[in-house]
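Input: a single structure, listed below in structure tokens.
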Number of protein chains: 2
Amino acid sequence: MGIDRLDARLIELLAEEPRIGVLEASRRLGVARGTAQARLDRLLAQGVIRGFGPEVDPAAIGYPVTAFATLEIKQGQGPDVRSHLAGVPEVLELHTTTGHGDMLCRLVARSNADLQRVIDRVVGFEGIVRASTTIVMENPVPLRMIPLVKQAAED
Amino acid sequence: MGIDRLDARLIELLAEEPRIGVLEASRRLGVARGTAQARLDRLLAQGVIRGFGPEVDPAAIGYPVTAFATLEIKQGQGPDVRSHLAGVPEVLELHTTTGHGDMLCRLVARSNADLQRVIDRVVGFEGIVRASTTIVMENPVPLRMIPLVKQAAED
DNA sequence: GATTTGCTGGGCAACCTGCCTAGCCATTCC
DNA sequence: GGAATGGCTAGGCAGGTTGCCCAGCAAATC
């Protein structure tokens, strides 16, 4: 039910050069095509690989500013706040966290000035008590899974 | 240099069904294959689409716990802390933020108990003054770009 | 010892990709 | 006005890939 070294190498390979396809991957891994095919099918079936969606860079479409906002929610307003935030395109993701009924969300904006508009829209909602925002300056480690995948394969 | 409606629909289509390929996409969009091809090439060249890497679900490979840690860094230790964190597989991403020389990082762990080990490893480094961690309970809005892409197309 | 599971190596038709051509149309430039 | 440019359509072609199938084999399991 876990993941082995072959799986990890497959994922790694696909992460580096997503366009190669199963056949080429099997060649590089030194296994039969059927094997690579079967592994990939299994990884998809198990949900290890969710899909191969295009990774869009918000900066490249005019949203170079990223920020994280911590929201304090009024008791029992969780569901409403969620659907409100889900309706804001600039909210890229939303997590509910431990603590004071808090949420953490990732925002993007067209500029620092525009961020104000986004934040106003985010917090302009009955049920959000308080919000604190931190702006991202750099992203030294962009979202990555490969090191984790490698580690997971050692079991 | 921006993005138009056709681009947005293309991205949307590829996000929903990444395996369809250019030909099928062009059919569904009602344009010639060459057009879809050219659009996709341009999106890739411009960096709007970074790639089509596999989206791996950490939970499915044994890391169901997600947390965010805010780190306070000692003056001038930024670069060292970065490379330290880059070496920890459980650190999925790292941002430097405004404020007190802070960083924000996303962590995963095998369990709540295991999270302690991860945090110890993260903060067990000369240069990190303080760390505060919040555990993610739910993820009502998983990372998404489509709404933003649609909005960006309206310009 | 018998069965199951996973891998290999190969084959086949259908399909897609990368690349190219030619014509068309609208916008832009001289 | 007239020409050039850029983006789209429509089609063709060779080569590679996919999806699917089979038989043989080895190791692990019962």
Side-chain angles (χ1 to χ4, degrees), chain A residues 1-57 60-62 145-146 148-155, chain B residues 1-57 60-62 145-146 148-155:
Chain A
M1 201 246 124
I3 220 180
D4 70 7
R5 256 147 284 216
L6 218 202
D7 293 321
R9 286 204 294 150
L10 216 203
I11 292 174
E12 204 178 333
L13 208 53
L14 291 173
E16 281 165 10
E17 302 180 54
R19 311 250 74 177
I20 57 174
V22 176
L23 182 61
E24 179 61 20
S26 72
R27 280 197 279 255
R28 301 206 195 168
L29 294 173
V31 299
R33 176 167 69 108
T35 305
Q37 195 88 261
R39 292 306 190 102
L40 183 55
D41 289 347
R42 188 172 53 74
L43 290 171
L44 286 166
Q46 285 181 184
V48 172
I49 298 179
R50 281 206 210 89
F52 293 87
E55 290 162 25
V56 176
D57 180 2
I61 57 174
M145 294 295 309
I146 300 304
L148 191 68
V149 167
K150 279 183 182 167
Q151 182 159 99
E154 314 292 326
D155 301 326
Chain B
M1 204 248 121
I3 221 180
D4 70 6
R5 255 146 285 214
L6 218 201
D7 292 321
R9 286 204 294 150
L10 215 203
I11 292 174
E12 204 178 333
L13 208 52
L14 292 173
E16 282 164 10
E17 302 179 55
R19 311 251 74 177
I20 58 175
V22 176
L23 182 61
E24 179 61 20
S26 72
R27 281 198 279 254
R28 301 207 194 167
L29 293 173
V31 299
R33 176 166 69 108
T35 306
Q37 194 89 261
R39 292 306 190 102
L40 184 55
D41 289 347
R42 188 172 53 74
L43 290 171
L44 286 166
Q46 286 181 182
V48 172
I49 298 180
R50 280 206 211 90
F52 292 87
E55 290 163 24
V56 176
D57 180 3
I61 57 174
M145 294 296 309
I146 300 304
L148 192 69
V149 167
K150 280 183 181 167
Q151 181 160 100
E154 315 291 327
D155 301 326

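Note that the structure is a prediction, hence the values are computed from the model and not measured. Throughout, protein chains are lettered first and strands after them, A, B, ... in sequence-line order, and every chain is numbered starting at 1.
- Counting heavy atoms from C-beta outward, B/D7 and A/I61 have side chains that stay 4.5 Å or more apart.
- Within residues 23-36 of chain A, the residues having any heavy atom under 4.0 Å from DNA chain D are, by residue number, A/L23, A/R27, A/R33.
- Side-chain atoms of B/R5 and B/E154, non-hydrogen and from C-beta on, do get closer than 4.5 Å to each other.
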Produce the list of close N/O pairs, under 3.5 Å, pairing protein atoms with atoms of nucleotides 27-29 of chain D; give distances to one decimal.
none

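- For B/R19 and D/dT18, the shortest distance from a side-chain N or O to OP1 or OP2 is not below 4.0 Å.
- The pair B/E24-B/R27 meets the salt-bridge criterion, with a side-chain N (NZ, NE, NH1 or NH2) lying under 4.0 Å from an Asp/Glu carboxylate O.
- The CG-P distance, from B/L40 to D/dG7, rounds to 16 Å in whole Å.
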Exercise for review: Dump the intermediate steps for side-chain contact (heavy atoms from CB on, under 4.5 Å) on A/L14 and A/L40, then the final yes or no.
Suggested key: CA-CA 10 Å; A/L14 291 173; A/L40 183 55; 3.9 Å; yes

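- The distance between atom CD1 of B/I20 and atom C1' of C/dT17, rounded to the nearest whole Å, is 15 Å.
- In this structure the side chain of B/I11 reaches within 4.5 angstrom of the side chain of B/V48, judged on heavy atoms.
- Looking only at side-chain heavy atoms (C-beta outward), B/T35 and B/L29 stay at 4.5 Å or farther from each other.
- Atom CG in B/L43 sits about 13 Å away from atom P in D/dG7, given to the nearest Å.
- Taking the side chain as every heavy atom from C-beta outward, A/M145 and A/I49 never approach each other to under 4.5 Å.
- The nearest whole Å value for the distance from the CG atom in B/L6 to the P atom in D/dG7 is 13 Å.
- Residue B/Q37 has no polar side-chain atom (N or O) positioned under 4.0 Å from OP1 or OP2 of C/dT17.
- Atoms CD (B/E17) and P (C/dC16) sit 14 Å apart, rounded to a whole Å.
- Put simply, CZ on B/R42 is 10 Å from C1' on D/dG7, counting in whole angstrom units.
- Under 4.0 Å is where a charged nitrogen must lie from a carboxylate oxygen, and between B/E16 and B/R28 no such pair does.
- Summarising the geometry, the separation between CG on B/D4 and P on D/dG7 is reported as 11 Å, rounded to the nearest angstrom.
- Between A/V56 and B/L148 there is no side-chain heavy-atom pair separated by less than 4.5 Å.
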